[in-house]
**Q** 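I am attaching a structure below and will ask some questions about it afterwards.
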Amino acid sequence: MVLACAALIAGTHALTRDRIEENRARRFQQTLTELAGSAGAAARARWTDDTAALCNGRVLLRGSAAGYGGQIRWLAAATSPAPRTTPRLVAVRITAHQETPGIADFLQRPDSGWLSELAGAGASELAGADGVSGATITSRALQRSLAAALQRPAVADPECPS
């Protein structure tokens, strides 16, 4: 009986693995397009480490934070910093997490609530922003990770006109 169950699980995994990966890749591309502002801008993004400068005045950032339940992977768009200015968040999207359902549902609602309130914040504002009551570890970890990403050196896209 155990062997039959193991074989069934292995077979299901083998049959669905590629489809699941295709769906993940498609969702990632949709999120990237949304943050970049257009499919063309997303397609032209050239990543240097976890930063990609776009010609439309945005910078894409990616990273992860050690949350309560595990790694929280995220993508963000920020304003492209002009000389002597700091970038500011435009939007944040969570691409994967293992946080507690019910408590960390705010991670899946980027256009309302706590995540949407991060828009416009720079690194220093993120450090002092309120966390989410009941999800303090999760929200603070995400704030620290985003603040660190906003402090990365700017990367210029050589294909953008100066």
Side-chain angles (χ1 to χ4, degrees), residues 13 16-99 104-129 131-132 135 137-162:
H13 175 72
T16 59
R17 180 184 51 232
D18 291 343
R19 194 162 159 198
I20 290 170
E21 285 307 312
E22 288 171 9
N23 286 338
R24 281 187 183 139
R26 186 174 26 259
R27 179 67 186 134
F28 181 84
Q29 194 60 42
Q30 288 171 341
T31 302
L32 196 59
T33 298
E34 180 183 332
L35 291 172
S38 72
R44 288 186 303 274
R46 300 291 174 258
W47 293 93
T48 301
D49 296 319
D50 288 324
T51 305
L54 303 176
C55 296
N56 64 2
R58 287 189 179 182
V59 175
L60 297 176
L61 305 166
R62 63 183 173 196
S64 65
Y68 180 78
Q71 289 297 309
I72 303 166
R73 289 195 298 269
W74 54 264
L75 282 173
T79 57
S80 185
R84 294 183 294 284
T85 64
T86 58
R88 310 205 65 69
L89 283 176
V90 173
V92 179
R93 299 295 183 262
I94 306 304
T95 58
H97 73 87
Q98 300 171 348
E99 300 303 284
D105 287 351
F106 66 93
L107 295 175
Q108 298 308 119
R109 292 189 304 269
D111 295 324
S112 64
W114 186 77
L115 279 178
S116 68
E117 292 171 11
L118 299 179
S124 60
E125 290 91 358
L126 286 171
V132 175
I137 294 170
T138 300
S139 56
R140 295 251 168 90
L142 192 53
Q143 286 170 301
R144 283 191 302 273
S145 182
L146 289 165
L150 288 172
Q151 293 174 337
R152 292 180 195 149
V155 177
D157 185 337
E159 295 182 17
C160 293
S162 298

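These numbers were taken from a predicted model, which means no experiment stands behind them. Every heavy atom of this structure was used, including side-chain atoms; hydrogens, water molecules and symmetry mates were not.
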**Q** Side-chain polar contacts of residues 68-77 - donor-acceptor pairs under 3.5 angstrom, sequence neighbours left out - could you list them?
**A**
unit_1, atom_1, unit_2, atom_2, d
Gln71, OE1, Ser64, OG, 3.1
Trp74, NE1, Ser145, OG, 3.0

**Q** Could you tell me the separation between the OG1 atom of Thr95 and the CG atom of Leu107, rounded to the nearest 0.5 Å?
**A** 11.0 Å
**Q** Go through the structure and list residues passing salt bridge (charged side-chain N to carboxylate O under 4.0 Å, His left out) with Asp50, not counting sequence neighbours.
**A** Arg62
**Q** Kindly give the heavy-atom pair with the smallest separation between Ala147 and Leu126, and that separation in Å.
**A** N-CD1, 3.6 Å
**Q** Asn23: what forms a side-chain contact (heavy atoms from CB on, under 4.5 Å) with it, not counting sequence neighbours?
**A** Arg19, Arg26
**Q** State, to 0.1 Å, how close Gly67 and Ile137 come at their nearest heavy-atom pair, and which atoms those are.
**A** C-CG2, 4.1 Å
**Q** Return the set of residues passing salt bridge (charged side-chain N to carboxylate O under 4.0 Å, His left out) with Glu125 (not counting sequence neighbours), or none when no residue passes.
**A** Arg88
**Q** Give the minimum heavy-atom separation between Leu150 and Gly122, together with the two atoms involved.
**A** CD1-C, 3.8 Å
**Q** Please report the shortest heavy-atom distance between His97 and Ile94, naming the atom on each side.
**A** CD2-CG2, 3.9 Å
**Q** Any chance you could measure His13, atom NE2, to Ile20, atom CD1, to the nearest 0.5 Å?
**A** 8.0 Å
**Q** For Glu21, which residues count as a salt bridge (charged side-chain N to carboxylate O under 4.0 Å, His left out) partner, sequence neighbours excluded?
**A** Arg24
**Q** Rounded at 0.5 Å granularity, tell me how far OG in Ser116 sits from CG in Leu89.
**A** 12.0 Å
**Q** Using the side chain to side chain donor-acceptor pair (under 3.5 Å) criterion, which residues pair with Thr138? Sequence neighbours excluded.
**A** Glu99
**Q** Who are the side-chain contact (heavy atoms from CB on, under 4.5 Å) partners of Gln151, not counting sequence neighbours?
**A** Ala123
**Q** Leu115 versus Leu142: any side-chain heavy-atom pair under 4.5 Å?
**A** yes
**Q** In chain order, what residues pass the side-chain contact (heavy atoms from CB on, under 4.5 Å) check against Ala91, with sequence neighbours excluded?
**A** Leu35, Arg93
**Q** So, using side chain to side chain donor-acceptor pair (under 3.5 Å) as the criterion, who are the partners of Gln143 when residues are at least two apart?
**A** none
**Q** Please enumerate all residues that pass side-chain contact (heavy atoms from CB on, under 4.5 Å) together with Thr33, with sequence neighbours excluded.
**A** Gln29, Ala39, Ala42
**Q** Got a second to check how far Arg46's CZ is from Leu54's CG, nearest 0.5 Å?
**A** 10.5 Å
**Q** Under the rule for side chain to side chain donor-acceptor pair (under 3.5 Å), what residues qualify as partners of Arg144, not counting sequence neighbours?
**A** none
